[in-house]
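To start, the structure under review is shown below, and the notes come after it.
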Amino acid sequence: EAQLVESGGGSAQAGGSLTLSCVASSGFTFDNYAIAWFRQAPGKEREGVSVIGWGDRRTYYADSVKGRFTMSSDWQKNTVYLHMNSLTPDDTAVYYCAADRQGPGSLRTYLYSVWGQGTQVTVSS
């Protein structure tokens with residue numbers, strides 16, 4: 001059974017906005033984990049989008065989304081969010097939530113041990 005569940009994906013026009021949610025399930029909690037968003041477009045490698053680190057809970061963003069995407073969290077609800085603004089067709093991908101135990105906030109894919117099932121985001125011009 002999935003331990004991370006993403007939601008909020010769908011279709012948007014260029015310039016539009018979507019907010020993705022990632023909630024822990026099956027008894028899993030975000031305590032002691034960095035939580036990151038990754039995405040994978042067809043024919044491309046999975047890439048890091050943003051992360052909130054364990055401990056200091058600082059956020060970091062890939063250059064491609066800086067100024068457009070913002071992470072937030074509600075730890076009481078065991079939920080993190082990715083607020084996506086000014087979307088472009090290049091943002092089209094399956095978006096995954098992932099957790100890295102005691103992670104410093106890296107966007108290196110191989111460090112993440114727990115993954116959600118992904119949610120599709122499609123942006124049209």
Side-chain angles (χ1 to χ4, degrees):
E1 187 176 357
Q3 294 179 294
L4 302 178
V5 180
E6 303 97 332
S7 62
S11 299
Q13 297 292 319
S17 300
L18 288 171
T19 295
L20 307 182
S21 299
C22 174
V23 62
S25 65
S26 302
F28 185 85
T29 74
F30 289 136
D31 291 352
N32 301 314
Y33 286 86
I35 312 299
W37 290 96
F38 294 83
R39 66 186 182 186
Q40 188 165 20
K44 300 187 68 176
E45 297 293 326
R46 192 167 298 183
E47 64 174 347
V49 175
S50 63
V51 59
I52 182 164
W54 164 75
D56 64 12
R57 293 305 192 193
R58 294 181 179 180
T59 54
Y60 300 88
Y61 302 91
D63 288 342
S64 59
V65 306
K66 285 180 181 177
R68 300 190 299 118
F69 291 9
T70 303
M71 285 191 72
S72 66
S73 60
D74 185 340
W75 303 118
Q76 290 288 98
K77 296 180 179 179
N78 235 4
T79 303
V80 298
Y81 305 92
L82 182 65
H83 308 276
M84 305 185 294
N85 300 311
S86 301
L87 287 164
T88 78
D90 288 340
D91 296 316
T92 296
V94 177
Y95 284 71
Y96 298 90
C97 180
D100 174 23
R101 187 172 181 83
Q102 298 185 349
S106 171
L107 285 173
R108 301 170 75 176
T109 306
Y110 71 89
L111 294 175
Y112 287 78
S113 58
V114 183
W115 292 81
Q117 82 288 350
T119 185
Q120 177 71 48
V121 171
T122 302
V123 184
S124 58
S125 59

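Residues in residues 17-30 take part in no salt bridge (Lys or Arg N to Asp or Glu O under 4.0 Å) pair, two or more places apart or across chains. Within the structure, the salt bridge (Lys or Arg N to Asp or Glu O under 4.0 Å) test picks out no pair touching residues 8-17 (sequence neighbours left out). Annotation: ring pair (Phe, Tyr, Trp, His ring centres under 6.0 Å) contacts involving residues 88-107, sequence neighbours excluded, are absent. Residue pairs that meet the salt bridge (Lys or Arg N to Asp or Glu O under 4.0 Å) test with at least one member in residues 15-40, sequence neighbours left out, are Arg39-Glu47, Arg39-Asp91. The salt bridge (Lys or Arg N to Asp or Glu O under 4.0 Å) pairs that include a residue from residues 51-67 are Asp56-Arg58, Asp63-Lys66, where partners are two or more places apart or lie in different chains.
Here CG of Leu18 is found 9.5 Å from OG1 of Thr122. Values are rounded to the nearest 0.5 Å. Here the straight-line distance linking atom OH of Tyr60 with atom OG of Ser50 works out to 13.0 Å at 0.5 Å rounding. Summarising the geometry, atom CD1 belonging to Ile35 is positioned 8.5 Å from atom CD1 belonging to Ile52; distances are rounded to the nearest 0.5 Å.
In this structure Thr19 satisfies the side chain to side chain donor-acceptor pair (under 3.5 Å) test together with His83, sequence neighbours excluded. With sequence neighbours left out, Pro89 forms a side-chain contact (heavy atoms from CB on, under 4.5 Å) with Ala14, Val123, Ser125. Ser124 meets the side-chain contact (heavy atoms from CB on, under 4.5 Å) test with Gln13; sequence neighbours excluded. With sequence neighbours left out, the side-chain contact (heavy atoms from CB on, under 4.5 Å) criterion links Lys77 to Asp74, Thr79. Residues passing the ring pair (Phe, Tyr, Trp, His ring centres under 6.0 Å) test with Phe28, sequence neighbours excluded: Tyr33. Listed by chain and residue number, nothing satisfies the side chain to side chain donor-acceptor pair (under 3.5 Å) test with Ser7 (two or more places apart in sequence, or in another chain).
By the 4.5 Å heavy-atom criterion applied to side chains, Phe69 and Ser64 are not counted as neighbours. Proximity of Val80 to Phe30: side-chain heavy atoms (C-beta onward) are separated by under 4.5 Å at one or more points. Between Asp100 and Trp54, the closest side-chain pair of non-hydrogen atoms is not below 4.5 Å. Contact check for Met84 versus Val65: no side-chain heavy atoms found under the 4.5 Å cut-off. Counting only heavy atoms from C-beta outward, the side chains of Met71 and Tyr61 approach each other to under 4.5 Å.
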Practice task
List the steps, then state whether side-chain contact (heavy atoms from CB on, under 4.5 Å) holds for Leu20 with Trp37.
Solution key: CA-CA 10 Å; Leu20 307 182; Trp37 290 96; 3.7 Å; yes

Problem - Test log, rule side-chain contact (heavy atoms from CB on, under 4.5 Å), inputs Val114 and Leu4 - result: CA-CA 8 Å; Val114 183; Leu4 302 178; 3.9 Å; yes

Practice task
Might you work through the side-chain hydrogen bond (donor to acceptor under 3.5 Å, both in side chains) test for Ser17 and Asn85, ending with a clear yes or no?
Solution key: CA-CA 4 Å; Ser17 300; Asn85 300 311; 2.9 Å; yes

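Screening Val94, Thr119, Leu82 for a side-chain contact (heavy atoms from CB on, under 4.5 Å) with Glu6, the sole residue that qualifies is Thr119.
Ser73 places no side-chain N or O within donor-acceptor distance of the main-chain N or O of Trp75, the cut-off being under 3.5 Å.
Ring orientation note: the planes of Tyr112 and Phe38 are nearly perpendicular, at an angle over 60° on the 30°/60° scale.
Closest of all the heavy-atom pairs between Ala62 and Gly48 is CB-O, 3.5 Å. Here the closest heavy-atom approach between residue Gly9 and residue Val121 is recorded as CA-CG2, 4.2 Å.
Other residues, nucleotides and ligands contribute over 12 non-hydrogen atoms within 6.0 Å of the CD atom of Gln102.
Cluster partners of Val5, using a side-chain heavy-atom cutoff of under 4.5 Å among ILVMFWY residues and allowing indirect links, are Val23.
Linking ILVMFWY side-chain heavy atoms closer than 4.5 Å, directly or via other members, places Val51 and Leu111 in a single hydrophobic cluster.
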